[in-house]
Amino acid sequence: MRYKASEIEPKWQKFWEDKGIYKTNLNAPEKKLYSLVMFIYPSGAKLHCGHWYNYGPADTWARFKKLQGYNVFEPFGYDAFGLPAENYAIKTGVHPMESTLKNIDDIRAQIRRIGCMYDTNSELMTCDPAYYKWNQWLFLQLYKKGLAYRKKSPVNWCTSCQTVLANEQVLSDGSCERCGNPVVQKNLVQWFFKITDYADRLLDDLHLIDWPEETKTKQRNWIGKSTGAEVVFSVEGSDEKIKVFTTRPDTLFGVTYVTLAPEHPLVEKLTKPEFKPAVDKYVEQTAYLTEIDRQSTTKEKTGAPTGSFVINPINGEKVPIWIGDYVLLTYGTGCVMAVPGHDERDFEFAKKFDLPIRKVILQDGTSIDDEFEVAFTEAGTMVNSGKFDGMSSVAGKQAVIEELERIGAGKAKVNYRLRDWLISRQRYWGTPIPVVYCDKCGEVPLPEEQLPVTLPKDVEFKLQGDSPLKRHAGFMNTTCPKCGGHAERDPDTMDTFVDSSWYYLRFLDPKYEKGMFNTALTDNWSPVDMYIGGREHSVMHLLYARFIHKFLMDLGLVKTPEPFMKLVHQGTITNLGAKMSKSRGNVVNPEPYIDKYGSDVFRLYLMFMGPFELGGDWSDSGITGTERFAQKMYDLAQSHTGWLKNHKAADKYDLNHLSEPEKSVYRYVNRTLAKYQHEMEHLKFNTAIAALMELSNELSKNLNACRADLQTYTLQVVTHMIAPLAPHLAEEMAEILGREKSLFEEPWQFEPDPAALTVDSVTIAVQVSGKMRGTVTVPVDSDQDTVMNGATSDPKIAKFIDGNQVVKVIFVKNKILNVIVKQA
RNA sequence: GCCGAAAUGGCGGAAUUGGCAGACGCGCCGGACUCAAAAUCCGGUCUGGCUCACACCAGGUGCCGGUUCGACCCCGGCUUUCGGCACCA
């Protein structure tokens, strides 16, 4: 009979729901396992194959753990704030709340068809005031500790639309995606979270967590800790000082100019009148460039002199001040001391503008008079450096720092590439910032009792001008909680990464009202044991969540330093070579596949396609393979209807009492079990399924030749191995076999019978002079002589040895014999 | 540009992590069953040479080089593709 997924799958989904099989008992934290997938952004494109590729296999792993006896908590929720809903509102007039709730309803129905064990009690959505209230509360706690502050920072500004654009809305040529006009960088006062205060802890604690090394590396590089010195240069004829950060204080004598970022506040003050027109023009040009363009190492260097000079504190030398767009205001102090002899970027800049290049570090084995072809950026011996001459540049770093400290012109300094987290967004669909600006008292954080500040519903979405909140007088005008006078609210909302920085804690009790989350539960259930999501979140989301978790630990709200103990990235399923997204218009809808093959076959196919962590370009060729496999398994159950009752299986069998086909089947089942267990543990679903397919091939050969109760034994094991991979199918099989309970109602032992795994002979590869010449089958653990005898008595191998002189023999027990010969 | 990955038959991929390259599946070819089709089952399928055939020989894991008795795996240098680069989430 055909396996009818369209009938069987809804039947089990209803059964699971009715019996509440996936409701986690949160009051039993012994053997707890918190398994989490990154929650979904509910866009209008709904679930695509990429989502399935995340949720299906992740659920398979969680089910495997549940069968192993863990008390698994697997929640699901909605990352419901964000830009696309607001863009949709501008385009269609449909309110973001309306479109978002509609999308969530649609997605919820789709999610149900995957058949995951999501605990529906835990569902949450971040656009609910009961959720975002606690973003505001979190903001206030950060504010109290001095970790939320305001400063000026640039935004993308479309001069034509008169509106702020997201990076995504700026095309690669620097124009607005809506109107095609140029986009400029405009400074606005915005809120920041001081993540840089946590930089060292974020770096050091990486060793506490079981994360992919590639991800830890990305985070380390993102934080970008570097040690060096801060050097203070005084501006000639002025009280102004210019501070620079350098990792190479040993090259200080080689400074021939100083460069400021064009948008540096000192540029205005330091530019001499006769240089002003050129400088202003250059500053304006720079506003059109993105940061990525500016950091390009192949772009030709540009810049302009200011006409001012600074004094190098180490030698009293007077050097010019330039501005250049390769210097970024956001890194270090926004100024660099330029040492063209020993820095590639400074070298190029100096060549372009004919500035002097001085050698102060001598490369070993070269002469001090050799001309520079390129900058020498490695360690060497200090020269042209006054009293430091002859010192190694490595020791020189410390020596120069000590000298700077002595003369009060600098100090040792650690610098990070990591910048503070800008959380202000000039948009409507997000969490309002709980601060008002009073005519008298200035910046005033709201008292906690006034939370939440809710989003007004009656706003107008327009393409041009200010954000909807700023135009909403009823929202903007309020009273100061301090003096009772007139005050204005902050018109901005928070970055949605704030929402996703703590949602995993809220899942345990999403309706909790007495605090951000229910610590009675989170104390036992946090941290998350397994977190599964895409590599695109390697840095930002995962770094922000770690930061907020650490801050919550400092508040005493969580007890562990890290939120996610183990992390796995599923691969990206691309289509036509790019990540699936609505904006790219290349999403692949899974529904037709579910309709045709059923959810289990589709899930099996996604897992069988390749390694979970790899992903790849979408193709449905091959899904028939998993369909056939599912049908075979179903047929197998059908041909054994009721056997669980009629032919009871033993727990294990003694090989000595089995016939040859029985031995073969028993060994195969147990070997598969061992392999399966290992592969499932490590989320290698593709090879776990391949092992089951191999077993299926063996069974079609030998199962019918086995005694009845051994057949039952086999089917019982097979059904349990299928259960996490194709849960509906396995439940149906178990029912046909005569089982009365759900497979997921009680744990099951995946341990193979060790006696069935032992082998008495092994096939060893034989090479002659490194080339494969044949194999010999010998008793396990045979010594070199035995294998050698076997090899030389095989004429196919012997013909390559005979007549030649054996020079050397390499032998690895149970693996290989390599006979090195010299041609006679 | 910078940071992080990936590359193996016609296709998706496997290889106990330095020890028989191509498991498993798709596709394709041939056969069985059938009035026919679907479904199912059996056999074959890296490339080239040589053979009626079996056998045998040679080459082969993106490209160039290296280490090693032995390299898909380790090292150096490239190429191409993908993810991220702080306002997509």
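Lettering follows sequence order; numbering is per chain, from 1. Everything quoted here is computed from the prediction, not taken from an experiment.
Residue A:Trp421 is out of contact with every strand shown, counting any heavy-atom pair closer than 4.0 Å. If you check every strand for non-hydrogen atoms under 4.0 Å, A:Val809 touches nothing. Here A:Lys299 lies out of heavy-atom contact (under 4.0 Å) with every strand. Using a 4.0 Å heavy-atom criterion, one finds that A:Glu86 contacts no nucleic acid atom at all. Contact annotation for A:Phe497: base contact, defined as any heavy-atom pair under 4.0 Å involving a base atom. A:Lys796 comes within contact range of the sugar-phosphate backbone alone, with a heavy-atom separation under 4.0 Å but no base atom that close. Using a 4.0 Å heavy-atom cutoff across all strands shown, A:Arg417 reaches at least one base atom of the nucleic acid. Counting non-hydrogen atoms under 4.0 angstrom, A:Leu83 reaches the backbone sugars and phosphates but no base.
Side-chain contact between A:Gln190 and A:Gln426 is present, with at least one heavy-atom pair separated by less than 4.5 Å.
We find that A:Lys299 and A:Asp325 are joined by a salt bridge, their nearest charged nitrogen and carboxylate oxygen being less than 4.0 Å apart. For the pair A:Asp794 and A:Lys796, the salt-bridge criterion is not met [side-chain N within less than 4.0 Å of a carboxylate O].
With distances taken from any side-chain atom of A:Arg2 to the nucleotides B:A39, B:G4, B:C88, the minimum falls on B:A39. Looking at the side chain of A:Lys799, the nearest of the listed nucleotides B:C88, B:A21, B:C56 is B:C56.
Comparing the C1' positions of B:G44 and B:U80 gives a spacing of 35 Å, expressed to the nearest Å. With P as the reference atom, B:C57 and B:C64 are 26 Å apart, rounded to whole Å. Comparing the C1' positions of B:A14 and B:A21 gives a spacing of 10 Å, expressed to the nearest Å. The separation of B:A7 from B:C75, taken at their P atoms, amounts to 14 Å, rounded to a whole angstrom.
Remark: aromatic rings of A:Trp502 and A:Tyr132 are distant, center separation not under 6.0 Å. A distance below 6.0 Å separates the ring centres of A:Trp421 and A:Tyr544.
Secondary-structure annotation of RNA chain B gives the stems B:1-7 with B:79-85, B:10-12 with B:24-26, B:27-32 with B:40-45, B:46-49 with B:56-59, B:62-66 with B:74-78, with a stem taken as at least 3 successive Watson-Crick or G-U pairs whose two distances both fall under 3.5 Å.
A donor-acceptor contact under 3.5 angstrom links the side chains of A:Tyr149 and A:Asp420, judged on distance only. Using a 3.5 Å distance cut-off with no hydrogens or angles, the side chains of A:Asn415 and A:Tyr331 do pair a donor with an acceptor.
For B:G70, the OP1/OP2 oxygens have no side-chain nitrogen or oxygen of A:Lys815 closer than 4.0 Å. Here A:Arg773 reaches the OP1 or OP2 of B:A58: one of its side-chain N or O atoms lies under 4.0 Å away.
Atom pair A:Glu536:CD and B:C85:P shows a separation of 10 Å (rounding to whole Å applied). One atom, CE of A:Met772, and another, C1' of B:A71, lie 15 Å apart when rounded to the nearest Å. Atom pair A:His537:NE2 and B:A89:P shows a separation of 10 Å (rounding to whole Å applied). For the pair A:His682 NE2 and B:A15 P, the interatomic distance rounds to 13 Å; values are reported in whole Å. The distance from atom CZ of A:Phe547 to atom C1' of B:A86 is 14 Å, rounded to the nearest whole Å.
Between the base of B:C3 and the side chain of A:Asn221 there is no donor-acceptor pair shorter than 3.5 Å.
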Under 4.0 Å protein heavy-atom contacts per nucleotide of nucleotides 22-34 of chain B, with B for base, S for backbone only and - for none: -BBSSS-------
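In terms of heavy-atom proximity, A:Arg535 sits nearest to A:Ser538 at O-OG, 2.6 Å.
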